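Predicted model only: the values in this text are computed from it and were never measured.
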Amino acid sequence: MKAWGLLLTIALGAGMGHAQDYLNCKLAPGWEQSEAKRQYAADNLYDYKDGGAEGYLIYGFVRMEGVTCKSGEDTLAIDVSEMNDADSAYGMFAANRDPSLPIAKIGMGGQVQRQSASFAKGKYYVELVVTAVNPDRDYGTTLLALMTGMKEKLEGRDTAPDALDWFPKEDLVSTRLAPESVLGLRLLRRGYLAKYKQGQAFIVQETSPETAADVLKKLRDHFDGSSAKVVGDEAFQAKVQYLDGICIFRKGRYLAGYANAPDAAQAASLAARLAARIP
């Protein structure tokens with residue numbers, strides 16, 4: 001038994017060592033580790049992020065590992081946050097990226113700037129920040145090389161969440177994960193939002209068709225004057241303050257719909273178009 005316990009301990013230690021290979025300053029040529037690696041959990045993230053910790057916790061933050069690297073007088077902070085799942089990791093990336101800049105094809109999505117970069121892969125959200133003596137120095141190439149090396153050492157999916165492809169692309173402005181209360185409705189606990197030039201669409205995944213049907217019924221009962229619509233498996237339309245004409249439907253275990261459309265008929269039409277794209 002002792003021998004088996006020793007082997008198990010060694011195996012776990014090796015696994016942890018492999019898991020932390022991505023926290024390696026040498027993945028960025030010319031950089032060396034300058035401080036001990038850091039670790040934070042949900043209960044002490046405030047010690048590191050101070051006022052920004054809540055923005056992590058709301059997306060299902062589990063833990064963070066990080067390291068500081070140095071090249072000459074410049075420093076590079078590498079922080080890897082483990083989230084509850086891949087949707088949460090992508091949600092963190094989408095919430096913090098610059099919407100005016102393109103998304104790089106790194107992991108589920110990445111973005112590189114002159115002295116900072118970020119990407120998500122699997123349940124991991126990665127942030128890289130350079131503090132340079134020369135604020136105009138461009139470290140974009142270095143950061144891209146580091147991201148590429150780290151991506152290969154992190155496990156998990158490397159394509160964007162499927163739901164993002166289900167939103168029609170015409171007149172699409174942006175997409176993001178709403179970590180809670182989609183459209184301000186508490187019954188829609190978490191889901192993707194797509195902003196269009198006119199209106200917005202959403203997709204929420206429930207655990208089963210039955211739970212989705214139950215939530216849809218509660219939503220319909222909540223709104224006065226709702227009327228049934230033929231969209232997906234079942235649907236209704238209502239006039240809701242701040243959301244204008246809204247059409248919500250269920251398709252399997254998904255709840256989705258369209259809000260803030262110019263008129264009720266258009267909301268139902270756009271919802272039907274979205275329903276046709278959800279498998």
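Here the CG atom belonging to D158 is positioned 10.5 Å from the CZ atom belonging to F119, to the nearest 0.5 angstrom. To the nearest 0.5 Å, the span separating CZ on R190 from CG on N84 amounts to 7.5 Å. Between atom CD of residue Q113 and atom CG of residue D138 there is a gap of 10.5 Å, rounded to the nearest 0.5 Å. Summarising the geometry, atom OG1 belonging to T131 is positioned 8.0 Å from atom CD belonging to Q115; distances are rounded to the nearest 0.5 Å. Taking CG of L128 as the start and OG of S116 as the end, the distance is 8.5 Å to the nearest 0.5 Å. Note: R63 CZ to M83 CE = 12.0 Å, rounded to the nearest 0.5 Å.
Remark: the backbone N or O of G245 is not paired with any side-chain donor or acceptor of Q237 at under 3.5 angstrom. Not a single donor-acceptor pair under 3.5 Å links the side chain of D244 to the backbone N or O of D263. Between the side chain of T211 and the main chain of S208, a donor-acceptor pair closer than 3.5 Å is present. Of the possible polar contacts, one joining the Q33 side chain to the E35 backbone as a donor-acceptor pair under 3.5 Å is found. When atom types are taken as modelled, the side chain of N260 and the backbone of Y242 share a donor-acceptor pair closer than 3.5 angstrom. Under a 3.5 Å cut-off, the side chain of Y196 and the backbone N or O of P168 do form a donor-acceptor pair.
For the pair R114 and D136, the minimum side-chain heavy-atom distance is below 4.5 Å. Between N96 and E127, the closest side-chain pair of non-hydrogen atoms is not below 4.5 Å. Y139 places none of its side-chain heavy atoms less than 4.5 Å from the side chain of L76. Side-chain contact check for Q266 versus Y258: every heavy-atom pair is 4.5 Å or farther apart. No side-chain heavy atom of V126 sits less than 4.5 Å from a side-chain heavy atom of M147. In this structure the side chain of S34 never reaches within 4.5 angstrom of the side chain of E32, judged on heavy atoms. The shortest side-chain heavy-atom distance between V80 and M150 falls under the 4.5 Å cut-off.
Between R250 and D233 there is a salt bridge, since a side-chain N of the basic residue sits under 4.0 Å from a carboxylate O of the acidic one. The pair D79-R38 meets the salt-bridge criterion, since a charged nitrogen lies less than 4.0 angstrom from a carboxylate oxygen. Look at R253 and E206 and you find no salt bridge, because none of the NZ, NE, NH1 or NH2 atoms lies under 4.0 Å from a carboxylate O.
Applying the 6.0 Å contact sphere to CG of D47 captures more than 12 heavy atoms from other residues, nucleotides or ligands. Heavy-atom neighbours of R189 CZ from other residues, nucleotides or ligands within 6.0 Å: at or below the threshold of 12. Heavy atoms of other residues, nucleotides or ligands lying less than 6.0 angstrom from NZ of K49 number more than 12.
In the hydrophobic cluster analysis, where Ile, Leu, Val, Met, Phe, Trp and Tyr join through side-chain heavy atoms closer than 4.5 angstrom, L164 is grouped together with Y59. Hydrophobic clustering keeps Y124 apart from V62 (ILVMFWY residues linked when any side-chain heavy atoms are closer than 4.5 Å, directly or through intermediates). Note on I103: it does not cluster hydrophobically with V173, by side-chain heavy-atom contacts below 4.5 Å among ILVMFWY residues. Under a hydrophobic clustering in which Ile, Leu, Val, Met, Phe, Trp and Tyr are joined whenever their side-chain heavy atoms come within less than 4.5 Å, directly or via other members, W31 and V129 fall into different clusters. A continuous path of hydrophobic side-chain contacts links Y46 to Y125 [ILVMFWY only; heavy atoms under 4.5 Å].
Minimum interatomic distance between L177 and G91 (heavy atoms only, all atoms of both residues): CB-CA, 3.8 Å. Summarising the geometry of A275 relative to G232, their closest heavy-atom pair is CB-N, 4.3 Å, with the distance given to 0.1 Å. Nearest heavy-atom pair across L146 and A28 is CD1-N, 4.1 Å. The minimum heavy-atom distance linking L274 with A256 is given by the pair CD2-CB, 4.0 Å. Across S226 and R220, no two heavy atoms sit closer than the pair OG-CG, 3.1 Å. Minimum interatomic distance between Q39 and N44 (heavy atoms only, all atoms of both residues): O-ND2, 4.4 Å.
Residues satisfying the ring pair (Phe, Tyr, Trp, His ring centres under 6.0 Å) criterion with Y56, sequence neighbours excluded, are absent altogether. Under the rule for a side-chain contact (heavy atoms from CB on, under 4.5 Å), S269 has no partner lying at least two apart in sequence or in another chain. Under the ring pair (Phe, Tyr, Trp, His ring centres under 6.0 Å) criterion, F167 pairs with no residue, sequence neighbours left out.
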Full working for side chain to side chain contact (heavy atoms under 4.5 Å, CB included) between I203 and Y254: CA-CA 7 Å; I203 299 173; Y254 294 99; 4.0 Å; yes
Pair Y22-I78, side chain to side chain contact (heavy atoms under 4.5 Å, CB included): steps then yes or no: CA-CA 10 Å; Y22 50 76; I78 304 173; over 6 Å; no
Side chain to side chain contact (heavy atoms under 4.5 Å, CB included) assessment of D87 paired with Q205: CA-CA 11 Å; D87 282 325; Q205 179 180 309; 5.7 Å; no
Go through it in stages, so that I can follow the logic: the residues are K153 and L27, the test is side chain to side chain contact (heavy atoms under 4.5 Å, CB included), and I'd like the CA-CA distance, side-chain angles, deciding distance and then a yes or no. CA-CA 11 Å; K153 296 178 179 295; L27 291 174; 4.0 Å; yes
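Annotation: salt bridge (Lys or Arg N to Asp or Glu O under 4.0 Å) contacts involving residues 166-176, sequence neighbours excluded, comprise E170-R273, D171-K197.
If you chain together ILVMFWY residues whose side-chain heavy atoms come under 4.5 Å of each other, V182 ends up grouped with L183, L185, L187, L188, L193, F202, V204, V215, L216, L219, F223, F236, V240, L243, I246, I248, L255.
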Under 3.5 Å donor-acceptor pairs involving side-chain atoms of residues 104-112, not counting sequence neighbours:
residue	atom	partner	partner atom	Å
Q111	OE1	D98	N	2.7
Q111	NE2	D98	O	2.9
Q111	NE2	L101	O	3.2
Q111	NE2	P102	O	3.4

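Checked against the 6.0 Å centroid criterion, the rings of W166 and Y192 do not qualify as a close aromatic pair.
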